[in-house]
Amino acid sequence: MSASLKPKHQRLVLVIVALCVLIGAGLLAAYALRNQASYFYVPSDIVADPPEPGQAVRLGGMVADGSIETMDDGVTIRFTVTDGQASVPVEFSGIIPDLFVEGSGVVAEGSMGPTAFIATNLLAKHDENYMPRELQDMTEAQQREVVAETYEAQAQ
Amino acid sequence: MIAELGLALLWFAAAFALLQLFTGLLSLREAGAGFAESVRPVAVMQGVLVTLSFLALIWLFLRTDLSVLLVASNSHVDKPFVFKLAGTWGNHEGSMLLWVTVMALSGAAIALLERRLPERTMLATLAAQAFVSLGFYAFLLFSSNPFTRLEPAARVGAGLNPLLQDLGLAFHPPTLYLGYVGLSVAFSFAVGALMTRQVGPQFARAMRPWVLGAWIFLTIGITAGSYWAYYELGWGGWWFWDPVENASLMPWLAATALLHSVSVLAARDALRIWTIMLGVVAFSMSMVGTFLVRSGVLTSVHSFAVSPERGSFILALLCLYIGGALVLFGLRASTVNEGKQFAWSSREAALVFNNVALTAILGIVLVGTLYPLLTEAFGVRVSVGPPYFNPVGAIFAFPMVVVMAIGPLLRWREDRFARVGRRMIAPVAIFAIALVAALVLAPGIGILPLLGLALAAMLAVASVLPVLGRNPRRVKLAVWGMVVGHFGLAVALAGMASNAAFTTERLAAAAIGDTVAVGPWDVTLSEIEPIAGPNWTALEGTMTARYRGGAPVVLRPQARNFFSPPTATNESALATRWNGQLYAVLGQEADGGRWQLRLWWKPFVTLIWIGGLMVALGGLLALIGRVIADWKQRAIRVRLAERREYREAQP
């Protein structure tokens with residue numbers, strides 16, 4: 001900066017430059033978040049309005065009873081995730097979490113493939129204190145649904 | 001008895017903090033000048049009392065006194081000694097007590113050691129420090145009392161989360177806390193200086209060791225935390241952009257910016273307001289981090305107790321401190337005199353550039369971390385991960401690395417780019433060679449790892465230029481610190497890029513005797529057998545790994561089951577070579593007597609943590625250099641004063 005600028009001006013120029021960069025960073029972040037955030041789906045959402053194939057999403061629900069089958073390679077599993085209304089087939093290659101069992105909750109990270117949801121990571125209940133946040137709420141929501149359904153059935 | 005004593009000591013300490021606040025504030029006024037004498041002793045006394053209270057809690061944990069609720073719910077009679085000790089701070093209440101203890105001890109240290117700062121700024125700083133501590137005392141005493149009794153006493157205790165029963169992790173939280181609290185001291189300095197409007201090189205020199213110290217601890221804490229996540233979680237990754245990791249990264253970014261701007265203020269008396277602002281931001285980030293981790297807004301191994309009341313308390317503290325500091329900043333900032341000028345081509349300008357870049361990265365991480373919380377309020381659940389953080393962060397991080405290479409070669413105040421351009425020929429050439437070599441030898445590794453590798457090579461060469469050709473003994477220790485720190489960052493960047501570019505992964509189901517190839521390794525599964533530890537049982541796999549058919553290395557990954565609380569964990573096994581690590585995880589039993597194995601070959605991944613430690617070492621060298629220089633200056637000043645007195649005494 002030339003020495004002819006008054007002291008007040010240098011401070012002002014620095015502040016303006018810093019603000020422009022930070023606002024630029026904010027806009028960039030907002031733009032990237034719209035495209036890169038991975039949304040949480042339950043099976044009914046996937047059936048109603050499927051995400052673009054290849055877009056990173058998270059699928060949460062219950063592992064359907066009797067649905068887990070292991071492929072011949074010993075490391076790929078297929079199972080069905082259900083929320084009581086719809087269900088989605090899921091394929092996963094990897095070491096499955098220890099508390100991943102039929103009838104328990106799971107959050108699968110991945111994207112839609114041609115025939116099934118291709119999971120790159122499975123989050124199951126880790127121990128009694130630590131479980132994915134979506135699952136905590138989901139089980140509660142499901143409990144409410146179950147209660148509502150039971151009332152409806154009685155009313156009919 | 002000990003629990004009641006601890007609680008009483010905590011109340012007394014809180015009372016002394018209140019006293020410190022009032023005497024500190026009163027002594028700033030003319031009428032209260034008489035109180036000035038008492039502020040330092042009160043600060044020291046507060047430190048002593050709260051330390052005794054913390055020692056009482058340690059004593060309760062070591063004796064496993066199960067009539068204390070906190071001990072009963074977090075410890076277990078069968079736990080090994082070192083984890084009983086670590087259990088003291090491995091829970092919400094204990095970690096908060098550790099927080100105030102460290103904070104009061106640093107207040108005592110300022111009171112005892114700090115002699116350069118103008119007296120009034122010093123008193124205002126201690127008052128601000130007491131004000132911040134009081135919030136945490138209130139938090140402890142009213143909503144997180146660590147000394148609550150349990151009636152009737154428990155018989156065995158619930159145990160510590162098994163994921164946390166790891167030696168490295170026992171010392172990970174205190175390290176990060178020392179960093180957070182160090183930043184609270186920097187915050188108090190900033191508030192003190194704003195109150196008295198005395199912002200200048202003296203203030204910067206007094207603040208710098210605290211910022212450096214906090215920054216060293218944060219660097220070590222993040223490096224250790226990353227290595228822990230790498231080998232303990234068994235996922236093969238070293239950074240997950242988990243909100244809890246971000247909570248420790250954000251204060252580090254702010255502290256890094258603050259560290260550099262405080263250096264400009266100390267050396268050149270420029271960037272006064274910016275330094276004060278960063279002091280406020282850095283502490284805000286540690287509070288935001290504490291809020292995110294401790295409030296139960298996030299679910300993770302770090303959120304000990306999910307309680308909305310505590311979350312609101314921390315949020316209220318956060319708003320009080322940050323809001324208060326910002327109001328004070330708004331009122332006083334315009335009355336602080338402008339610092340010295342500098343040209344666009346100067347070291348100051350390079351440091352300003354990197355300060356702005358660091359702040360932009362901080363903003364990006366903050367937005368990405370808070371965005372899921374924000375959308376959740378509107379009923380939309382999202383998660384934000386590497387696809388957001390990596391590219392968007394890199395847009396600012398990569399230019400920053402370029403400026404990092406040039407900056408130290410520039411002169412203060414004003415310089416010609418032409419002069420520096422000649423010295424940059426070698427680094428730029430290395431950059432080009434590395435870029436072409438990576439493109440030819442390993443095509444298709446992705447743009448970010450490619451640029452990362454080339455920039456790391458450039459920075460590594462450029463960072464040693466400031467000391468090249470100089471007599472090593474005549475280079476100041478602080479300059480060595482800068483060189484080692486910048487070189488360490490280049491090393492870490494090379495490790496990150498290499499891991500992203502060259503990792504090979506293999507997932508297989510292997511029967512006993514099968515051999516699985518991963519990268520240059522051949523891994524043979526020899527046997528699987530059950531074993532038992534002090535509070536767990538496990539299946540342990542024995543594998544023999546050979547690097548390019550060389551000498552066999554034995555790996556023993558385990559799948560562990562803990563009793564209390566019942567939890568399953570994967571203990572990965574690592575084989576470390578100079579050029580990388582083989583990482584093995586044992587999964588579950590597959591059909592036909594086969595076992596799931598997950599293997600990674602990660603070339604040069606260890607550079608990430610070696611680089612991180614070098615960065616911390618650089619900080620340590622700078623800190624030692626500054627402290628020694630200070631002592632020498634003080635000794636000279638004392639001798640000059642003595643000589644003057646002597647001369648004046650002569651007739």
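Letters A, B, ... are given to chains in the order of the sequence lines, protein chains preceding strands, and every chain is numbered from 1.
- For chain A, the nearby part of Ile273(B) is the side chain; its heavy atoms alone come within less than 4.5 Å.
- For the atom pair CD1 of Ile77(A) and CD of Gln596(B), the computed distance is 8.0 Å after rounding to the nearest 0.5 Å.
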Q | Intermediate values then yes/no, side-chain contact (heavy atoms from CB on, under 4.5 Å), Trp344(B) and Val13(A) | A | CA-CA 11 Å; Trp344(B) 282 121; Val13(A) 170; 3.9 Å; yes
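- Of residues 351-360 of chain B, those residues with a non-hydrogen atom less than 4.5 Å from any non-hydrogen atom of chain A are, in numerical order, Val352(B), Val356(B), Thr359(B), Ala360(B).
- One finds the CZ atom of Phe40(A) at 12.5 Å from the OG1 atom of Thr375(B) (value rounded to the nearest 0.5 Å).
- With a 4.5 Å cut-off on non-hydrogen atoms, Ala508(B) touches chain A through its backbone but not through its side chain.
- When heavy atoms are compared at a cutoff of 4.5 Å, Asn35(A) does not approach chain B at all.
- Looking at every heavy atom in both residues, Ala29(A) comes nearest to Ile364(B) through CB-CG1, 4.4 Å.
- Heavy-atom neighbours of chain B within the stretch residues 15-24 of chain A, taken at a separation under 4.5 angstrom, comprise Ala18(A), Val21(A), Leu22(A).
- At a 4.5 Å heavy-atom cutoff, the contact between Arg594(B) and chain A is made by side-chain atoms alone.
- At a 4.5 Å heavy-atom cutoff, the contact between Tyr388(B) and chain A is made by backbone and side-chain atoms alike.
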Q: Kindly indicate, with the supporting measurements, whether the criterion side-chain contact (heavy atoms from CB on, under 4.5 Å) is fulfilled by Phe396(B) and Leu28(A).
A: CA-CA 11 Å; Phe396(B) 290 91; Leu28(A) 192 69; 3.9 Å; yes
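- Taking every heavy atom of both residues into account, Val384(B) and Ala37(A) meet most closely at CG2-CB, 4.2 Å.
- Heavy atoms only, all atoms of each residue included: Gly368(B) and Leu33(A) are closest at CA-CD2, 4.5 Å.
- Contacts between Ile361(B) and chain A at a heavy-atom distance below 4.5 Å are absent for every atom of the residue.
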